[in-house]
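Here the structure is laid out as structure tokens; the discussion comes afterwards.
Note that the numbering runs from 1 along the sequence shown for the chain.
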Amino acid sequence: MKPLVDAHCHLDLYPDWESLAEECEANRVYTLAVTTTPRAWPKNNEVFASKKYVRAALGLHPQLVGEHWREFDLWERYLSDARYVGEVGVDAGPRFYRSLERQKDVFERILQACAQAGGKILTVHSVRSASIVLDMIEEHLPKDRGAVIMHWFTGTQSEARRAVELGCYFSVNEQMLRSANGAKLVRLVPIDRLLTETDGPFVQANGAPLRPIDVRRLHPALAAAIAVKADELPQLISKNLKALLA
Ligand code: MN
């Protein structure tokens with residue numbers, strides 16, 4: 001079996017996360033383990049440092065920024081140890097609207113710090129805020145200063161085209177392909193910008209959280225959406241990951 005790619009999974013939110021990392025190793029699932037607060041970074045980084053297939057990302061989740069914005073300083077302190085950054089971004093949905101200005105401020109500072117450091121790869125949340133997020137990326141993170149993966153993108157088609165122009169990758173999950181809009185978006189993204197993700201444990205199937213190996217569940221639908229053979233998909237996605245990391 002070819003290696004798989006789960007470009008966005010909250011490994012540390014599973015009770016058995018350390019054995020889950022072993023599962024990724026055994027099944028050869030390249031997994032980006034995102035964190036929601038920088039407090040989680042040291043342990044994640046330490047546990048995954050010895051792994052071949054799992055990497056930790058340094059995050060400050062937009063849904064937590066309202067309460068945790070003071071942790072930006074901690075996030076910044078760890079940045080030099082991190083190649084991957086996430087989960088970061090903006091959430092303008094009704095539950096988090098109150099902290100929108102704070103979220104924008106924190107995300108701007110994250111982008112600026114990444115641009116200054118150079119070479120970071122970010123996995124970005126943009127719920128109800130695709131245009132805001134893309135404006136900020138365009139202004140603060142030039143293409144040659146970092147790479148962006150739009151995670152579970154739910155913007156409009158013109159916003160998706162703009163993200164493509166800005167050089168963004170897209171990590172697609174199974175929930176996204178269940179919606180007509182999601183499937184449409186996937187078709188207008190160039191094939192060489194597509195990655196796969198589970199967003200576990202938030203995305204579930206049959207009442208259980210998806211695990212990184214379950215990323216293969218979306219292959220048939222993704223392959224159909226972009227008109228390639230399902231058995232060619234793992235190779236295509238691995239190739240995109242390699243290009244992103246190069
Ligand atoms: Mn997530």
Side-chain angles (χ1 to χ4, degrees), residues 1-35 40-41 43-59 81-87 119-124 147-152 168-177 186 189-206 208-226 228-246:
M1 202 172 79
K2 294 265 188 294
L4 301 172
V5 175
D6 184 354
H8 188 109
C9 184
H10 298 263
L11 277 197
D12 66 353
L13 300 183
Y14 296 76
D16 60 338
W17 63 291
E18 295 190 36
S19 66
L20 192 51
E22 285 311 317
E23 196 177 292
C24 296
E25 296 287 299
N27 292 301
R28 301 198 299 148
V29 188
Y30 287 108
T31 303
L32 188 54
V34 297
T35 55
W41 166 258
K43 175 82 174 164
N44 273 263
N45 192 35
E46 184 200 316
V47 170
F48 304 140
S50 60
K51 308 288 187 238
K52 180 172 181 214
Y53 291 92
V54 185
R55 292 290 176 267
L58 172 63
D81 298 333
R83 180 173 188 204
Y84 305 96
V85 168
E87 182 163 358
K120 309 297 184 193
I121 295 169
L122 291 74
T123 173
V124 173
V148 171
I149 307 167
M150 301 303 289
H151 133 72
W152 197 342
C168 299
Y169 283 72
F170 294 74
S171 56
V172 176
N173 66 46
E174 140 173 11
Q175 187 80 39
M176 199 175 155
L177 286 173
V186 162
V189 172
I191 281 181
D192 63 0
R193 297 287 185 80
L194 288 172
L195 297 169
T196 49
E197 65 166 51
T198 58
D199 201 18
F202 296 110
V203 175
Q204 308 204 336
N206 310 316
L210 292 183
R211 300 167 77 85
I213 182 70
D214 294 322
V215 80
R216 63 189 166 189
R217 288 168 41 100
L218 72 83
H219 284 188
L222 179 55
I226 62 174
V228 303
K229 291 190 187 132
D231 61 357
E232 288 171 3
L233 202 62
Q235 199 165 359
L236 188 149
I237 300 296
S238 292
K239 199 171 123 197
N240 293 348
L241 179 67
K242 264 194 200 123
L244 169 64
L245 300 183

Checklist entry - side-chain contact (heavy atoms from CB on, under 4.5 Å) with Thr196: which of Asp6, Leu222, Leu241? => result Leu222
[X] side chain near [Y] side chain, heavy-atom distance below 4.5 Å:
| X | Y | value |
| --- | --- | --- |
| Thr198 | Val203 | no |
| Val215 | Ile237 | no |
| Lys51 | Glu22 | yes |
| Val228 | Gln235 | no |
| Trp17 | Asn44 | yes |
| Leu20 | Val54 | no |
| Asp12 | Trp41 | no |
| Arg55 | Arg83 | no |

Checklist outcome for this item: Sorted by chain and residue number, the side chain to side chain donor-acceptor pair (under 3.5 Å) partners of Asp192 (sequence neighbours excluded) come out as none
Separation between [atom1] of [X] and [atom2] of [Y], rounded to the nearest 0.5 Å:
| X | Y | atom1 | atom2 | result |
| --- | --- | --- | --- | --- |
| Ile213 | Arg28 | CD1 | CZ | 10.5 Å |
| Glu87 | Phe202 | CD | CZ | 7.5 Å |
| Asp199 | His10 | CG | NE2 | 4.5 Å |
| Cys24 | Leu11 | SG | CG | 5.5 Å |
| Asn173 | His151 | CG | NE2 | 7.5 Å |

Item to check | Sidechain N-carboxylate O distance under 4.0 Å for Glu18, Lys43 | outcome: yes
Next on the checklist: Tell me the closest heavy-atom pair linking Tyr53 and Glu25, and the distance in Å.
Outcome noted: N-OE2, 2.7 Å
Checklist outcome for this item: Between Pro201 and Tyr14 the two heavy atoms that sit nearest each other are N-OH, 3.3 Å
Item to check | Test item: side-chain donor near acceptor, Thr123 and His8, under 3.5 Å | outcome: yes
